[in-house]
Amino acid sequence: MSTPSTPSTPPAGDDRNLVQTAPVAATPGFEERLQSFWIKNSKAIMLVCLVVLLAIVAKGVMEWMQASKERGIASDYAAATSNEKLAAFASAHSSHALAGVAHLRLADEAFGEGRYAEARTSYEKAAAILTTGPFAGRVRLGVALSKFHTNDVAGAEADLRALADDVTQLKAVRAEAAYHLASLASEAGRTDDVARLADQIMIIDPASLWSQRAMMLRATLPTPAASAPAATSAAAPAGEATDALPAIQFKTGN
């Protein structure tokens, strides 16, 4: 039996069959990666930080300027102690809410003194500014009643009806608008409308003064049996004017 031959050892210096192995590079640590990232992106990072800082400063400056401006406007409004000064203030700050309040004050005074055309103009200016908030409904009510007193009865009724049916308005404003509608209906002899509006006021605000007035107004309506003679006796003589407007009172207090 033959014995396997032992592989011969390559002669010294013969490296033809050796495999060359590349050296393994060491993995960079976190600090080295961070340093490399900073070197590459430091300028961009600094620029972003500068922009953010400038934005914060600019926002602060704008807020300070706005607050300072508001304080100045409030001070000017407080100093407007006459109608002339109120009108000048409203003209100088025409888009500011306090200008709307100034117009409202002027309108209330004109209305209380019977200057209804002037009051209507001021109420309409206030309404253009005070579109929301606690004064919005009251301004619209002033416009409606001013229309009535300037012989725009159809416009007044339309505005009052819109207010009475607007569930977003304050209950007091809706109830007052409905009461004035009922008063107009009573003057026109529309008893069914008076009853319907009185019921609406009871639903809107049963504990209000307007509810009590509506019930009193409803109690004065003639019964169906008595309405025909009353209408005959109340007929105006031929040629006599019959288009007199009913008296509507408007509270000008806040």
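The heavy-atom pair separating Ala177 from Ala164 by the smallest distance is CB-N, 4.0 Å. Closest heavy-atom contact between Tyr123 and Val139: O-CG1, 3.3 Å. When all heavy atoms are compared, the tightest approach of Ala156 to Ala144 is CB-O, 3.2 Å. Nearest approach of Ala80 to Phe89, heavy atoms of both residues: CB-CB, 4.4 Å. Of all heavy-atom pairs spanning Pro206 and Ser211, the tightest one is O-OG, 3.3 Å. Taking both residues in full, the closest heavy atoms of Gly137 and Gln169 are given as CA-OE1, 3.1 Å, listed atom of the first, atom of the second, then distance.
Ile204 and Val194 are members of different hydrophobic clusters when ILVMFWY side chains are connected at heavy-atom separations under 4.5 Å.
Put simply, the side chain of Asp108 reaches to within 4.5 Å of the side chain of Arg138, judged on heavy atoms. Residues Glu113 and Glu118 have side chains not in contact (no heavy-atom distance under 4.5 Å, counting atoms from C-beta outward). Side-chain contact between Tyr77 and Val101: present, with at least one pair of heavy atoms (C-beta onward) separated by less than 4.5 Å. Side-chain atoms of Asp165 and Gln200, non-hydrogen and from C-beta on, do get closer than 4.5 Å to each other. In this structure, the side chains of Thr81 and Leu86 stay at 4.5 Å or more apart for every pair of heavy atoms.
Going from atom CD1 of Ile201 over to atom CZ of Arg174 covers 10.5 Å, rounded to the nearest 0.5 Å. Leu217 contributes atom CG, which lies 13.5 Å from atom CD of Gln212 (distance to the nearest 0.5 angstrom). Residue Ile129 holds its CD1 atom at 7.0 Å from OG of Ser94, rounded to the nearest 0.5 Å. To the nearest 0.5 Å, the span separating CD on Glu176 from CG on Leu170 amounts to 11.5 Å. For the atom pair Arg115 CZ and Thr150 OG1, the distance stands at 14.5 Å (nearest 0.5 Å). Note: Ser146 OG to Leu141 CG = 9.0 Å, rounded to the nearest 0.5 Å.
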### Task
List the steps and the verdict of side-chain contact (heavy atoms from CB on, under 4.5 Å) for Leu197 and Arg218.
CA-CA 9 Å; Leu197 288 163; Arg218 188 174 188 174; over 6 Å; no
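Note: His96 and His93 have perpendicular aromatic rings, judged against thresholds of 30 and 60 degrees for the angle between ring planes. Taking the six-membered ring where tryptophan is involved, the planes of His149 and Tyr116 are essentially parallel, since the angle between them stays under 30° and well short of 60°.
Summarising the hydrophobic clusters (Ile, Leu, Val, Met, Phe, Trp, Tyr; side-chain heavy atoms under 4.5 Å, direct or chained), the residues clustered with Met202 are Met215. Through direct or indirect side-chain contacts shorter than 4.5 Å among Ile, Leu, Val, Met, Phe, Trp and Tyr, Ile39 is connected to no other residue.
Other residues, nucleotides and ligands place no more than 12 heavy atoms under 6.0 Å from the NZ atom of Lys125.
Ion pairing between a basic and an acidic side chain is recognised when a charged N comes within 4.0 Å of a carboxylate O; Arg105 and Glu109 show no such pairing.
Residues satisfying the salt bridge (charged side-chain N to carboxylate O under 4.0 Å, His left out) test with Asp205, not counting sequence neighbours, are none.
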